[in-house]
There are 2 protein chains.
Amino acid sequence: MPTKYKGTSREVLALDTFIKLARCFASVQAQVLPHLQRDFGLTESQFAVLEAVLHLGPLSPGHLCQKILRSGSNVTTVVDNLERDGLVTRERHETDRRIQMVSLTEHGRTVITGALPAHVARIAEALTVLSNDEQLVLGRICRKLGIALAPA
Amino acid sequence: MPTKYKGTSREVLALDTFIKLARCFASVQAQVLPHLQRDFGLTESQFAVLEAVLHLGPLSPGHLCQKILRSGSNVTTVVDNLERDGLVTRERHETDRRIQMVSLTEHGRTVITGALPAHVARIAEALTVLSNDEQLVLGRICRKLGIALAPA
DNA sequence: AGCATATATTTCGATATCGAAACATTGGAC
DNA sequence: GTCCAATGTTTCGATATCGAAATATATGCT
């Protein structure tokens, strides 16, 4: 049992569960992110932004915020770097000029469509340790917890 | 289904599962970390270092590395900040002078023993959406995955 | 002893990340 | 039309995070 904390049994169970959740997530990330970086020069957040724009079309920083679960100021930074590297462009919304729209450049589209299958394959590879049933159960419980805690 | 990716059914299941895992982990963190910061002025990594040293006694940066699952250079930075704030001290190991030993100051001990119960309570609170059985199953599957992917 | 290799830590440069404050634009109240 | 509150984005200062290179010490080989 990883937990050294003395508390109620309810607390010990929750902490123990959460520690396993955190370690398992970290393990998958460690399995997967270095390749994204080395093979495609993309950080996790850069990948997330490109993937969102690929699948949803041009998005504002505000929408990207919600999609990638990061703060607005962080999205600004990540998009800055993607723009500098020529993977996305920013354009003001025509009718509401407070809003910026982030779009893929041709190069950006090429990069993300190249990186995506390899990235998915690595995730699938990492999860092969679990049976289909285990993956389904894991997904169901995570979904329940995630939805219950989702902001608003 | 969150996944827009077209791939084999095995890939779709794995990706779908992983996305739920990631979102659920992020949700719990979002529920818990702001309090750690606001109530005790601790970041997640600072908390992790203090907690490890509290429970395991003085540790080298190398051991802290393994415990908190971060790079060596990151541990250096985190310990730098903790030292600056008077929560830990660094001392050279007596026989092997390559090694530094990180210890809690009195103040550090006070801070971590104050923060720990509140932090655990918040985690337990977040996990109450899951039944005991669900927590056990979640923990078991996460452990299996974490162990399978653990380095070495 | 001298030297090469291994181990432990730090430094460096880059990106990520946050919250608060600043800035820009819109839209409603009057 | 003017002002003000709301909305969207960026700026700013701080910490986290990584990998590669530099530094310091130890250890084994000769």
Side-chain angles (χ1 to χ4, degrees), chain A residues 22 25-26 29-50 58-85 87-102 151, chain B residues 22 25-26 29-50 58-85 87-102 151:
Chain A
F25 178 65
Q29 293 280 70
Q31 198 79 7
V32 148
L33 295 185
H35 291 281
L36 205 54
Q37 183 71 255
R38 282 198 256 281
D39 300 345
F40 303 97
L42 294 176
T43 66
E44 179 183 15
S45 292
Q46 290 173 348
F47 178 89
V49 166
L50 295 179
L59 287 174
S60 69
H63 283 150
L64 282 167
C65 248
Q66 300 174 299
K67 288 296 166 193
I68 76 172
L69 306 174
R70 295 288 183 280
S71 71
S73 56
N74 182 41
V75 169
T76 296
T77 304
V78 173
V79 172
D80 280 349
N81 290 331
L82 287 171
E83 194 174 31
R84 178 204 57 199
D85 297 344
L87 301 179
V88 302
T89 56
R90 266 193 264 234
E91 285 159 24
R92 284 278 165 200
H93 193 283
E94 281 117 28
T95 68
D96 186 341
R97 306 191 51 74
R98 291 171 300 185
I99 300 174
Q100 297 262 22
M101 296 303 280
V102 178
Chain B
F25 179 65
Q29 293 282 67
Q31 199 80 6
V32 147
L33 294 186
H35 291 281
L36 204 54
Q37 183 71 257
R38 282 198 255 282
D39 300 344
F40 302 98
L42 294 176
T43 67
E44 179 183 16
S45 293
Q46 290 173 348
F47 178 89
V49 166
L50 295 179
L59 287 173
S60 70
H63 283 149
L64 280 167
C65 249
Q66 300 173 298
K67 288 295 166 191
I68 76 172
L69 307 173
R70 296 288 182 279
S71 69
S73 55
N74 182 41
V75 169
T76 297
T77 304
V78 174
V79 172
D80 280 349
N81 290 331
L82 288 171
E83 194 174 31
R84 178 204 55 198
D85 297 344
L87 302 180
V88 301
T89 56
R90 266 193 264 234
E91 285 159 23
R92 284 278 163 201
H93 193 283
E94 282 116 29
T95 69
D96 187 340
R97 306 192 51 73
R98 289 172 300 186
I99 301 173
Q100 297 263 21
M101 296 303 281
V102 178

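A note on names: the letters A, B, ... follow the listed sequences, proteins ahead of strands, and every chain is numbered from 1.
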Rounded distance (Å) that lies between atom C1' of C:dA20 and atom CD of B:Gln37: 13 Å

On the nucleotide D:dA16, are OP1 or OP2 found under 4.0 Å from the side-chain N or O atoms that B:Asn81 carries? yes

Spacing between B:Leu36 atom CG and C:dT17 atom P, to the nearest angstrom: 19 Å

If you pin B:Asp85 and B:Leu69 to their nearest nucleotides in DNA chain D, which one's is more 5'? B:Asp85

Just to confirm, is there a sub-4.0 Å distance from OP1 or OP2 of C:dT15 to any side-chain nitrogen or oxygen of A:Thr43? no

Between A:Gln46 and A:Arg97, which has a closest nucleotide on DNA chain C that is more 5'? A:Gln46

Return a single string for nucleotides 6-13 of chain C, one symbol per nucleotide in 5' to 3' order, where B is base contact, S is sugar-phosphate-only contact and - is none, cutoff 4.0 angstrom on heavy atoms. BBSSBBB-

Report yes if some heavy atom in the side chain of B:Cys65 is under 4.5 Å from a heavy atom in the side chain of B:Arg70; otherwise report no. no

Whole-Å distance separating the CZ atom of B:Arg84 from the C1' atom of D:dT15: 9 Å

Whole angstroms only, please: what is the CZ-P distance between B:Phe47 and D:dA16? 14 Å

Under 4.5 Å between any side-chain heavy atoms of B:Val49 and B:Val75, yes or no? no

Distance in angstrom units between B:Glu44 CD and D:dA14 C1', rounded: 17 Å

Is any side-chain heavy atom of B:Pro61 closer than 4.5 Å to one of B:Gln100? yes

Side chains of A:Val102 and A:Thr89, heavy atoms from C-beta outward: is any pair under 4.5 Å? no

Are there any protein N/O atoms within less than 3.5 Å of an N/O atom in nucleotides 2-4 of chain C, and if so, which ones and at what distance?
none

Spacing between A:Gln29 atom CD and D:dA16 atom P, to the nearest angstrom: 19 Å

Donor-acceptor contact below 3.5 Å, side chain B:Asp85 vs main chain B:Leu87: no

Interatomic distance, A:Arg38 CZ vs D:dG19 C1' [rounded to whole Å]: 8 Å

Close side-chain approach of B:Arg90 and B:Val79, heavy atoms under 4.5 Å: yes

Is there a donor-acceptor pair closer than 3.5 Å between any side-chain N or O of A:Arg92 and the backbone N or O of A:Arg97? yes

Keeping to residues at least two apart or across chains, list the side chain to side chain donor-acceptor pair (under 3.5 Å) pairs with something in residues 38-48 of chain B. B:Gln29-B:Glu44

Can any side-chain N or O of A:Arg84 pair as donor or acceptor with the backbone N or O of A:Leu82 at less than 3.5 Å? no

